[in-house]
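What follows is one structure encoded as structure tokens, with my remarks underneath.
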Amino acid sequence: MTPLFLVIAATVTVDTGGVAALPLPTGAVDVLYGDEPALIVADHVIVGVGLDAAPGRHHVVVRTADGDKTIDFEVVAKQYPEQRLTIPDRRKVNPLPEDLERIERESKLQRAAYARRTPVRADLLPFEQPVQGIYSSPFGRRRFLNDQPRSPHSGLDIAANTGTPVAAPAPATVALTGDFFFSGNVVLLDHGGGLITMYGHLDRIDVEDGEDVDRGDIIGTVGATGRVTGPHLHWTISMQGDRVDPVVLMQVFGRLAGETAISPQ
Ligand SMILES: [Zn+2]
């Protein structure tokens with residue numbers, strides 16, 4: 001038998017759909033994850049791992065004046081449970097031909113917003129939950145709508161009454177607003193460094209494209225617009241284009257905020 005601990009000791013593991021903070025080595029000039037600059041927050045490299053990432057050894061490349069170094073981490077395939085939903089508006093599950101042009105136009109706008117790469121905003125810690133409520137549908141569930149397989153749930157659903165204010169979790173610029181076929185009234189926020197967040201099914205939108213918001217600023221209210229079974233906030237977090245579990249990101253940023261608070265100035 002091979003002693004496993006020799007192989008896996010000291011390697012950070014990250015679930016598919018998860019987030020990890022890797023300490024930034026001293027002297028780092030730049031960090032790449034894949035072919036993109038990584039998000040750096042509070043002297044940590046924040047990696048977000050997509051649901052479709054291959055399990056196994058991954059790494060970031062740290063550029064220093066003395067050359068490149070790599071930091072390895074291990075991606076573990078997480079088994080997310082199934083979820084079966086009945087959507088009474090069948091057109092929202094099987095759109096009509098005339099809906100398809102609108103859906104394509106809106107998905108192009110959203111892809112462009114998720115592809116934004118702007119400088120990371122200062123003061124991203126902590127990342128606050130935009131609305132309080134029960135998690136009515138966790139991230140990552142493998143979904144069947146009216147018994148038809150669909151993409152996994154790309155965000156976290158938080159149930160709250162229509163009209164409940166939705167607050168920005170951290171400083172950002174409003175990247176996109178609109179009334180979309182599936183997501184209803186949406187706001188997308190760009191926090192910089194490839195970290196983009198989306199708020200769906202809003203009853204009301206209180207911000208405009210290009211506006212800067214601070215942590216706690218109200219961006220809209222909870223609603224039931226688009227493809228829903230009841231009023232809730234759908235909250236997506238995208239890192240370098242990969243959707244990650246908002247609960248995990250809040251935990252990781254919360255831990256970093258705690259460390260930052262006790263470190264000497
Ligand atoms: Zn949702």
Side-chain angles (χ1 to χ4, degrees), residues 15-19 48-52 78-95 99 102-103 106-107 109-111 113-114 127-169 175-189 191 195-205 219-239 241-251:
D15 289 337
T16 48
V19 178
V49 175
L51 283 169
D52 56 358
K78 179 169 176 178
Q79 281 307 307
Y80 291 92
E82 271 184 16
Q83 181 179 37
R84 292 177 178 272
L85 292 171
T86 303
I87 308 286
D89 182 356
R90 281 160 44 195
R91 186 172 170 180
K92 295 285 186 197
V93 178
N94 299 108
D99 298 326
R102 175 183 172 192
I103 291 167
E106 292 170 359
S107 97
L109 286 170
Q110 293 205 66
R111 279 199 301 273
Y114 283 122
F127 218 69
E128 286 177 355
Q129 190 170 306
V131 66
Q132 297 308 312
I134 290 170
Y135 297 161
S136 50
S137 178
F139 170 86
R141 292 253 170 116
R142 293 171 294 136
R143 282 193 150 171
F144 295 80
L145 305 183
N146 301 354
D147 289 327
Q148 300 167 44
R150 289 292 183 271
S151 302
H153 191 217
S154 60
L156 168 67
D157 288 352
I158 307 171
N161 292 329
T162 294
T164 307
V166 176
L176 180 66
T177 60
D179 169 16
F180 291 174
F181 185 82
F182 291 119
S183 303
N185 288 326
V186 298
V187 172
L188 277 88
L189 298 181
H191 304 276
L195 176 63
I196 317 283
T197 57
M198 184 273 237
Y199 307 79
H201 311 306
L202 300 173
D203 190 55
R204 204 181 68 216
I205 295 173
I219 59 171
T221 57
V222 172
T225 56
R227 184 173 71 188
V228 293
T229 55
H232 70 277
L233 175 69
H234 171 97
W235 186 27
T236 290
I237 296 185
S238 175
M239 293 185 61
D242 286 318
R243 311 295 182 262
V244 297
D245 188 340
V247 174
V248 177
L249 183 120
M250 282 191 292
Q251 286 167 350

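Throughout, residue positions are numbered sequentially from 1 according to the sequence presented. One-based numbering, in listed order, for ligands and for the atoms of each. Here the structure is a predicted model, which means the values were calculated and not measured.
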Item to check | pair P152-R243: side-chain heavy atoms closer than 4.5 Å | outcome: no

Checklist entry - For D15, which residues count as a salt bridge (Lys or Arg N to Asp or Glu O under 4.0 Å) partner, sequence neighbours excluded? => result none

Item to check | Number of protein N/O/S atoms that sit closer than 2.8 Å to the Zn ion (ligand 1) | outcome: 3

Checklist entry - Is there a donor-acceptor contact under 3.5 Å from the side chain of R150 to the main chain of V93? => result yes

Next on the checklist: Restricting to non-hydrogen atoms, name the atom on L202 and the atom on I205 that form the minimum distance, rounded to 0.1 Å.
Outcome noted: CD1-CG1, 4.2 Å

Item to check | Closest heavy-atom pair and its distance - H153, P138 | outcome: ND1-O, 2.9 Å

Checklist entry - So, do W235 and V131 sit near enough that their side-chain heavy atoms are less than 4.5 Å apart? => result no

